[in-house]
Chemist: 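Could you have a look at this structure, given as structure tokens, before my questions?
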Amino acid sequence: MDIKRVKDYIYWLYYQYLLITCSYVLEPWEQSMFHTITVTVFAMVVYTAYVFVPIHIRLAFEFFSQIFGVQPDSTVSVLN
């Protein structure tokens, strides 16, 4: 893809965003407030998912491992 097509695609995505959120009908200062709040909420969701989802997946894995009787690797004896 050349630069012009990428630029047009980004403009198209931004236009779709404006149409979906109906923010094209807002005044410029309202648009800036709306975009700021939207970006802030999105950043907080991404950060929370990055920090807490792996912890919860690990805890769920440990919980279900105990329920189904799977022993951790450190307690399993290896026979020669």
Chemist: Let me check something: any side-chain donor-acceptor pairs from residues 18-26 under 3.5 Å, sequence neighbours excluded? List them with distances.
Modeler:
unit_1 : atom_1 : unit_2 : atom_2 : d
Thr21  : OG1    : Tyr17  : O      : 2.7
Thr21  : OG1    : Ser23  : OG     : 3.0

Chemist: Could you state the interatomic distance from CZ (Phe61) to CD (Gln66), rounded to the nearest 0.5 Å?
Modeler: 11.0 Å
Chemist: Name all residues meeting the side-chain contact (heavy atoms from CB on, under 4.5 Å) criterion together with Thr48; count only those two or more places apart in sequence or in a different chain, and write none if there are none.
Modeler: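 Thr48 satisfies side-chain contact (heavy atoms from CB on, under 4.5 Å) with Phe52 only.
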Chemist: Roughly how far apart are Trp29 CH2 and Phe34 CZ, rounded to 0.5 Å?
Modeler: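 Atom-to-atom, Trp29:CH2 and Phe34:CZ are 13.5 Å apart.
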Chemist: Roughly how far, to the nearest 0.5 Å, is the CG atom of Asp8 from the CH2 atom of Trp12?
Modeler: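 Nearest 0.5 Å value for the CH2-CG distance: 12.0 Å.
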Chemist: What are the two closest heavy atoms between Ala49 and Pro54, and how far apart are they?
Modeler: O-CD, 3.6 Å
Chemist: Kindly compute the distance separating OG1 (Thr40) from NE2 (His35), expressed to the nearest 0.5 Å.
Modeler: 12.5 Å
Chemist: Holding to side-chain contact (heavy atoms from CB on, under 4.5 Å), I want the full list of residues that pass it with Leu59, two or more places apart in sequence or in another chain.
Modeler: Ile55, Glu62
Chemist: Phe68 and Phe63: same hydrophobic cluster, using ILVMFWY side-chain contacts below 4.5 Å?
Modeler: yes
